Amino acid sequence: MPLRLHNSLTRRLEEFVALRPGRVGMYVCGITVYDLCHLGHARMMLAFDVIYRWLLASGYEVTYVRNITDVDDKIIRRSVERGTTIRALTDQMIGAMHRDLGALGMLAPTHEPRATEYVPQMLDLIDRLEHRGLAYRAAGGDVNFAVRRFPGYGRLSGKSLDELRAGERVAVAGDKDDPLDFVLWKAAKPGEPADATWASAYGPGRPGWHIECSAMSSALLGEPFDIHGGGQDLTFPHHENEIAQSEGASGGPFVRYWLHNGFLNIDDEKMSKSLGNFFTIADVLQRYDGEAIRLFMLRTHYRSPFNFSDRLLEESRTALRRLYGALEAAGDVQAAGRIDWADPRAAAFKAGMDDDFNTPVALAVLFDLAAEVNRGQLAAAALLKALGGVLGILQRAPRDVLQGVGAAGGMDETEIEERIAARAAAKKARDFALADRIRDELAAAGVVLKDSAQGTTWVRA
């Protein structure tokens with residue numbers, strides 16, 4: 001069976017056909033790095049990490065682009081609150097993001113562009129939109145996109161302009177011609193930091209959020225490209241606006257397949273700070289191994305609503321130990337060099353993944369293989385490990401997992417000592433917030449610090 005995926009644009013399952021045989025371009029909207037990543041970010045990142053892995057396992061050469069938004073209103077406010085530069089804040093948050101994602105077993109994307117590196121490309125795109133009559137300069141210095149001048153706006157969300165107007169989520173600025181119009185270039189405001197402002201033909205300012213992804217994706221993947229992904233909450237207005245500005249500027253198609261992962265809930269309620277159920281990835285890593293969290297998320301289809309609870313996480317931790325127990329029983333298991341997809345068990349795994357990346361079906365095959373091993377069919381262990389690797393699990397030494405060794409998320413002693421030295425430097429500089437965050441990061445990786453008059457020592461939890 002060929003790979004089929006659910007295209008949010010057409011609202012149906014479609015056979016995937018790459019624009020260029022054997023090669024795939026995929027762009028995923030990444031993180032706005034003003035704070036630590038939370039569980040919703042983990043849900044989205046994992047969904048597309050699995051898609052990336054399956055495309056690679058299917059023999060495609062994949063160019064995977066996942067952007068970083070490193071300038072916006074929240075970042076500016078946070079940098080001012082902390083009395084630091086935007087670059088210092090975003091560098092710190094990007095480092096924390098990479099540690100979190102590494103603990104969850106995420107592969108690095110091919111490219112991870114920062115928005116601030118692509119401002120010239122954004123300005124070029126705005127210029128083309130202005131020349132095509134789709135952008136206008138507002139009295140206050142902003143440049144806006146004229147939504148009603150772009151035919152077909154609303155295709156992704158499936159709503160008419162009037163329906164979208166009735167459900168408009170964004171506060172209407174006084175210098176917009178229409179409430180649905182969105183900003184492409186934001187004029188600089190008095191008192192904003194210098195590192196949040198760029199010179200342009202429209203005056204000093206910075207790009208709007210939506211224009212970033214259009215500029216970065218086209219610069220790195222060209223137009224059109226194969227797959228664009230992100231969380232379901234980005235469908236409107238962000239992805240709708242990307243389509244409008246990209247196709248408005250080029251006059252041609254932007255993306256062939258749009259993929260969106262489902263929402264995350266905490267104990268059947270939406271995650272919210274006001275409800276007291278808001279968790280960062282680092283929070284959860286303090287209590288659970290990264291691979292157990294990964295397995296937990298794999299047990300729900302990426303498009304389905306995902307419910308997070310301690311009870312379900314405990315079940316996944318037990319399930320992970322069951323899989324590793326089978327590998328331990330089989331002795332020194334080496335993953336199969338090449339997976340024989342004609343093997344009925346591998347074929348069942350492939351059928352699940354080719355059906356819109358159905359990880360629950362694929363995991364069921366792994367548990368069937370573990371049962372075979374436990375019945376004495378030890379040869380099944382090699383396939384179990386190989387197929388687990390496709391999903392990013394079961395690659396550690398079984399004994400280490402079963403004995404609780406290596407819970408430090410892959411951190412070796414050198415890395416731990418480097419983080420301790422960075423914490424000491426932060427304390428010396430009286431940046432106690434940073435020192436506390438480093439301690440928390442190490443705790444999340446299973447490293448416990450003990451301070452004394454003689455210095456800091458550490459042990460693995």
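As a basis for the values below, the full set of heavy atoms in this structure was taken, side chains included, without hydrogen atoms, waters or symmetry mates. Just so it is clear, the structure is predicted and the values come from calculations on it, not from any experiment.
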**Message:** Quick check: do Ile393 and Arg294 have side-chain heavy atoms less than 4.5 Å from each other?
**Reply:** yes
**Asked** What is the distance from atom OG of Ser58 to atom CG of Leu3, rounded to the nearest 0.5 Å?
**Response** 6.5 Å
**Request:** Say whether Glu112 and His98, considering side chains only, have a donor N or O and an acceptor N or O under 3.5 Å apart.
**Result:** yes
**Prompt:** Would you say the side chains of His6 and Glu14 form a donor-acceptor pair under 3.5 Å?
**Reply:** no
**Request:** Using a strict cut-off of less than 4.0 Å between a Lys/Arg side-chain nitrogen and an Asp/Glu carboxylate oxygen, indicate whether Asp356 and Arg303 qualify as a salt bridge.
**Result:** yes
**Lys/Arg N to Asp/Glu carboxylate O, Asp72 vs Lys186, below 4.0 Å** = no
**Asked** With the threshold set at 4.0 Å, does a side-chain nitrogen-carboxylate oxygen contact exist between Arg396 and Asp400?
**Response** no
**Gap between atom CZ of Arg77 and atom OH of Tyr34 - 0.5 Å precision** = 9.0 Å
**Item:** Plane angle bin for Tyr257 and Phe16 - parallel if under 30°, tilted between 30 and 60°, otherwise perpendicular
**Value:** tilted
**Request:** List the atom of Asp226, the atom of Gly25, and the distance in Å for their closest heavy-atom pair.
**Result:** OD2-N, 3.0 Å
**Asked** Given Ile86, which of Leu89, Thr84, Thr90 fulfils the side chain to side chain contact (heavy atoms under 4.5 Å, CB included) condition?
**Response** Thr90
**Request:** On the 0 to 90° scale, with breaks at 30° and 60°, tag the Trp258-His239 ring pair as parallel, tilted or perpendicular.
**Result:** tilted
**Item:** side chain to side chain contact (heavy atoms under 4.5 Å, CB included) partner of Thr110, chosen from Thr63, Val65, Val62
**Value:** Thr63
**Asked** Does the pair Glu314/Arg311 count as a salt bridge with the N-to-O cut at 4.0 Å?
**Response** no
**Message:** Among His38, Met93, His41, Arg66, exactly one meets side chain to side chain contact (heavy atoms under 4.5 Å, CB included) together with Ile31. Which residue is that?
**Reply:** His41
**Request:** Report yes if some heavy atom in the side chain of Asp181 is under 4.5 Å from a heavy atom in the side chain of Phe145; otherwise report no.
**Result:** no
